[in-house]
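Working notes, structure below.
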Amino acid sequence: MYANFVRATPGHQWTPDHVCPQAAPAFAELRRNLRRPAQPELVVITASGDLPTEDPTLESGALVATTVEGARRLEGRLPPACTTLTPGEGAVLRLADVLAALHARGHTVVLTEGGPHLIGNLLGEGLLDELFLTTSPVLAGRADTVLGHRARTAQPGAIRDRTFTSSSAA
């Protein structure tokens with residue numbers, strides 16, 4: 001769940017300044033008119049605490065929502081500007097609890113750019129209000145899971161071990 005987004009490409013952030021610099025001034029004006037902070041707060045969700053804490057995106061600060069055990073794993077490893085949030089006491093990170101904690105912190109709109117586990121949990125808990133689906137030329141994931149649940153069949157053979165480029169034939 002991100003207000004910015006940690007991308008697989010090192011140093012990439014899902015912000016107007018990075019993605020579309022020419023639109024950054026208009027975005028800043030829109031946020032001012034909506035009485036929102038200049039930059040959205042980055043919220044990273046990790047139940048396990050398994051997070052690349054050296055990622056440059058975290059240097060400017062993030063709210064890291066995790067379990068008590070995940071917080072123990074992250075202790076002393078996160079950049080000083082980061083804050084840890086443990087909205088529940090169990091080993092499972094319920095997204096309803098995360099959203100309630102975010103709402104308590106004044107967040108009324110949450111943009112999620114997560115993988116199948118996060119989206120699957122949002123769907124499973126009935127928490128997804130709107131879906132804006134994009135496609136990417138990269139297909140990635142674990143062969144044994146679909147939307148966070150064990151898959152009944154193996155990964156489709158048509159995409160297994162294939163690299164597609166603009167010059168690839170279908």
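We number each residue from 1, following the sequence as shown.
Heavy atoms only, all atoms of each residue included: L63 and R105 are closest at CD2-NE, 3.5 Å. Considering every non-hydrogen atom in both T66 and A71, the closest pair reads CG2-N, 3.4 Å. Nearest approach of P79 to E59, heavy atoms of both residues: CG-OE2, 3.7 Å. Between A47 and T67, the closest heavy-atom pair is O-OG1, 2.7 Å. Of all non-hydrogen atoms in P87 and A101, the two that sit nearest each other are CB-CB, 4.2 Å. Minimum interatomic distance between E125 and A96 (heavy atoms only, all atoms of both residues): OE1-N, 2.9 Å.
In terms of modelled atom types and a separation under 3.5 Å, the side chain of R73 and the main chain of D50 share no donor-acceptor contact.
Under the 4.0 Å criterion applied to side-chain N and carboxylate O atoms, R77 and E54 are not assigned as salt-bridge partners. In summary, E69 and R72 engage in a salt bridge, as defined by a charged side-chain N under 4.0 Å from a carboxylate O.
Summarising the geometry, atom CG belonging to D55 is positioned 11.5 Å from atom CG belonging to L78; distances are rounded to the nearest 0.5 Å. From L93, atom CG reaches atom CG of N121 across 8.5 Å, with rounding to the nearest 0.5 Å. Rounding to the nearest 0.5 Å gives a distance of 7.0 Å between OG of S60 and CG of L42. Note that the CG atom of L102 and the CG atom of L85 stand 6.5 Å from one another [nearest 0.5 Å]. Note that CZ of R94 and CG of L99 are 10.5 Å apart. Values are rounded to the nearest 0.5 Å.
By the 6.0 Å contact criterion, CG on N33 is enclosed, its count of non-hydrogen atoms from other residues, nucleotides or ligands being greater than 12.
Each of V92 and V44 belongs to its own hydrophobic cluster when Ile, Leu, Val, Met, Phe, Trp and Tyr are linked at side-chain heavy-atom distances under 4.5 angstrom. L51 and V68 are not part of a single hydrophobic cluster, where members link through side-chain heavy atoms under 4.5 Å apart. Cluster annotation: V98 is connected to L128 through the hydrophobic network of ILVMFWY side chains, with a link wherever side-chain heavy atoms come within less than 4.5 Å. Cluster annotation: V110 is not connected to F27 through the hydrophobic network of ILVMFWY side chains, with a link wherever side-chain heavy atoms come within less than 4.5 Å. Residue V109 is not grouped with residue L111 when hydrophobic side chains (ILVMFWY) are merged at heavy-atom distances under 4.5 angstrom, including chains of intermediate members.
Side-chain contact between H117 and L122: absent, with no pair of heavy atoms (C-beta onward) separated by less than 4.5 Å.
Evaluated for a side-chain contact (heavy atoms from CB on, under 4.5 Å) with T112, the options L118, L95, L127 yield exactly one hit, L118.
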